[in-house]
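Below you'll find the structure, written out as structure tokens, and then a few comments.
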Amino acid sequence: MRVALRPQSGCLVLCLCVSVVTLLLQSLWVPPERTRSETAAGKSPDEKSDDFRFHMLAVRLEALNAQVQKLSSKTDKTQTNRNDLSLLLQSFRQDQQGLAQLVETELQKVSQRLDQLILHHHHHHHQASTPHVYIRPYNSTGLNEKCEVPTDPAYPVCAEKVEFLRARWQSDPCYAFYRVDGSTCSILVYLSQVEDFCPTQPGRNHTAASWRHKTPSYTKQAFLRDSLSPLYEVISSSSSPAVKFIRSRVERMSESWIWAGRGMKPNRNKTVSPQMKVLLHLGALAGDVGQRFEAMVDRGGPLGELVQWADLSACLTILGHNLTFSTSKRQLHRLIGAAPGQGSCPIQRPLTFDLIYTDYHGLAHLRRAMGLAFQHYQCRFRILDSFGTEPAFNLASYAHLHGYKTLWGSWGLQPLQYMTMFPHTPDNSFLGFVGEDAVKTSDEFKPEIYKKDNIAVVYGKQEYMWQGKSDYLEVISQELEIHGTVYQPSGRASSLPGFVKNHGLLSQENFLQLLRRAKVFVGLGFPYEGPAPVEAVALGCMFLQPRFDPPHSSHNDVFYKGKPTTRQITSQHPYSERFVGKPFVWTVDMNNRTDIREAVESILKTKVKPFTPPEFTCLGMLERMRRYVTHQNFCGNSTAVWEPEPVLRVLLGPLGQSCVDVCQRSALTCDPALFHRFNTPDTFTRIGLGCSSMVQEVNHLFPSYSPWGRLCGLQQEPLLFSCAGSDSSHRRLCPCRSHRE
């Protein structure tokens with residue numbers, strides 16, 4: 001067992017020896033179940049001491065083996081840290097004699113112990129269960145401690161968690177931060193006072209986990225502000241290009257926000273809106289993803305999300321709430337009190353924010369930073385989710401079993417916690433943004449301000465978006481002068497058609513000035529569903545876009561693949577096509593020159609005033625957000641329905657149609673909060689359906705009726721009540737009501 005080692009030649013031998021010994025000891029080390037059986041059998045303190053020494057040897061060798069393997073792997077690299085290797089070998093020489101003797105002694109006992117272990121293992125399965133289990137500590141300062149792990153039915157996983165931490169407490173520094181040192185007592189204190197998986201130990205006062213303490217009741221009422229200065233104070237210090245964009249947009253639109261705040265109606269139901277402490281964590285700007293996103297801000301990258309963040313922050317500030325911004329993981333950890341380490345432990349204190357607005361990236365940051373506290377506080381999260389998350393994708397177990405598992409989704413939140421850019425489905429909350437119009441009301445429209453030139457501005461800031469679109473643009477160029485705002489790297493020749501006048505990437509102010517001059521804003525088919533078409537129409541342009549036949553979806557389009565939605569996209573901007581329409585929005589077959597030419601000729605004969613849909617005005621967004629902040633509460637057992645009691649109409653849709661379409665066809669809207677009112681057997685009788693059988697299942701299409709076999713289905717999982725979703729074999733039962741004002 002004694003080996004003479006030299007730095008030049010002994011490293012590989014050392015690795016091999018230590019690895020073999022470690023594997024042998026690991027294979028023979030008594031697992032936790034056997035330790036319990038030995039305790040029940042009444043082992044002597046001497047035998048327990050042997051177990052402890054034997055385990056500590058395995059731990060020492062395992063750690064040493066990891067160090068040696070790490071250092072030896074460096075020999076394959078060009079820059080080897082020879083000092084680390086020399087120090088390790090020197091340390092090992094000093095300890096190798098005692099270590100080798102210990103190895104020899106313990107290996108001699110192995111064969112004798114095997115029979116005893118097998119005997120005790122069989123004995124364990126025939127013994128009656130005992131009220132408590134003793135787990136021997138192995139920390140260097142507490143060899144004589146005796147801490148019991150209760151088998152309390154109220155804490156069914158306590159023993160399992162203790163065993164996990166005994167093996168893994170060094171895997172994350174956060175455990176040591178919470179004073180876990182590997183001893184059973186320290187683990188039980190942690191599991192009872194920090195993680196709440198074990199009951200409080202005898203002799204200790206019972207205290208709830210510190211991060212679970214309830215926040216004080218709201219002490220202040222939110223009053224409308226007539227200034228955005230509180231927002232400027234929290235975002236003025238950032239040098240981030242993205243945050244600068246947000247501030248620039250807020251400043252440019254500040255008068256519209258202040259004017260809209262003064263025009264808000266008082267709450268009709270006299271509900272007092274409490275002043276909230278709100279954290280805005282822009283996850284897309286944090287970490288490696290954030291670096292890539294920031295680099296694209298000044299190169300024509302997507303800015304739709306930043307438009308939403310800017311308008312959300314301005315909206316909440318006018319409504320009287322107090323905002324904090326976070327654009328990095330470090331900031332987030334500091335603001336929520338994350339424990340040092342890798343996120344295995346809960347936060348150190350109760351969450352001080354009443355609401356946290358973030359995105360999908362930020363949601364992952366929060367889970368890694370909050371540990372167990374994530375689930376406790378997830379009801380306070382609101383997720384900016386441009387394209388929406390349908391219920392079928394939201395529930396992880398259901399998504400996995402039924403083919404709805406994607407890169408996004410599977411968080412198990414209330415579907416209304418996802419906040420979308422457009423009203424894709426009532427399952428989610430429509431957050432929206434504001435069309436950047438320069439006039440406050442249509443009465444203030446002055447034609448001289450919006451004098452239109454015979455030009456068209458193309459929607460697409462990067463060259464790849466223009467590929468394959470030359471014929472489409474050439475037809476338009478016969479009647480209109482084509483202008484582009486395409487990012488052009490220096491030293492690279494442009495691939496744009498020769499008839500295009502490219503301005504390069506413009507600042508927001510200059511881009512808006514160009515739109516004010518243009519008659520037409522031309523869509524190329526991509527990007528999908530952005531804010532620019534709404535803003536262009538708000539500035540007096542008409543939007544010309546391509547139709548998609550067949551519709552684009554996750555089944556046939558790379559962009560939508562992996563998105564947690566089943567929507568069928570019939571054009572580049574389906575909201576504008578469906579809810580705005582002519583004369584502001586013209587949708588054409590991009591491959592049909594006659595269709596394009598006729599649309600352009602009609603556009604040239606048409607005059608329009610700037611138009612902003614009410615839901616995309618400052619006032620519309622303020623009213624909507626006030627309802628959300630005041631009434632949306634996902635921390636209780638039920639989702640409240642606000643406003644006067646809606647008149648519910650239960651409509652039976654045709655085969656293959658979603659409730660979104662069923663209600664819209666009757667000029668109504670689907671309200672998922674009303675599903676529970678008719679998710680009962682007698683509903684089918686009331687609407688004249690005879691059911692040969694009635695089932696209650698976890699199914700995002702239920703409640704529904706299947707004419708084959710006259711099968712009636714009721715929903716078993718409230719998280720799967722869904723206005724979206726359709727199937728050719730089901731007729732959906734839909735909760736429809738009139739649109740809210």
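Sequential numbering from 1 along the given sequence is applied to the chain's residues. Only a predicted model underlies this, so the values are computations on that prediction, with no experimental measurement involved.
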Any idea how F526 and F559 line up, ring-wise: parallel (<30°), tilted (30 to 60°), or perpendicular (>60°)? perpendicular
L544 side, atom CG; M590 side, atom CE - distance, nearest 0.5 Å: 10.5 Å
Step by step, would you call F702 with F721 a ring-ring contact (aromatic ring centres under 6.0 Å, His included)? CA-CA 7 Å; F702 285 6; F721 281 134; over 10 Å; no
Name the orientation class of the two ring planes belonging to Y575 and H573 (parallel below 30°, tilted from 30 to 60°, perpendicular beyond 60°). perpendicular
Pairwise side-chain contact, F579 with V585, heavy-atom cut-off 4.5 Å (strictly under): no
Is the terminal nitrogen or CZ of K609 (NZ for Lys, CZ for Arg) located under 6.0 angstrom from the six-membered ring centre of F611 and within 45° of that ring's axis? no
Does the ring of Y705 carry R710 above it, NZ/CZ under 6.0 angstrom from centre and within 45° of its axis? no
Tell me whether E529 is salt-bridged to R578, with the criterion being a basic N under 4.0 Å from an acidic carboxylate O. no
Between R737 and D671, does any NZ, NE, NH1 or NH2 come within less than 4.0 Å of an OD or OE carboxylate oxygen? yes
Of C659, C723, C670, the one forming a disulfide bond (SG atoms under 2.5 Å apart) with C734 is C659
Are F430 and H424 close enough that their ring centres sit under 6.0 Å apart? no
Before you tell me yes or no, could you show the steps for Y155 and F197 under ring-ring contact (aromatic ring centres under 6.0 Å, His included), namely the whole-Å CA-CA distance, both residues' side-chain angles and the distance that decides it to 0.1 Å? CA-CA 6 Å; Y155 299 89; F197 282 116; 9.0 Å; no
Ring centroid separation F374 to W411 under 6.0 Å: yes
Between N394 and Y418, is there a side-chain heavy-atom distance shorter than 4.5 Å? yes
So does D311 pair up with R249, basic N to acidic O under 4.0 Å? yes
So do the side chains of V695 and L711 get within less than 4.5 Å of each other, counting heavy atoms only? yes
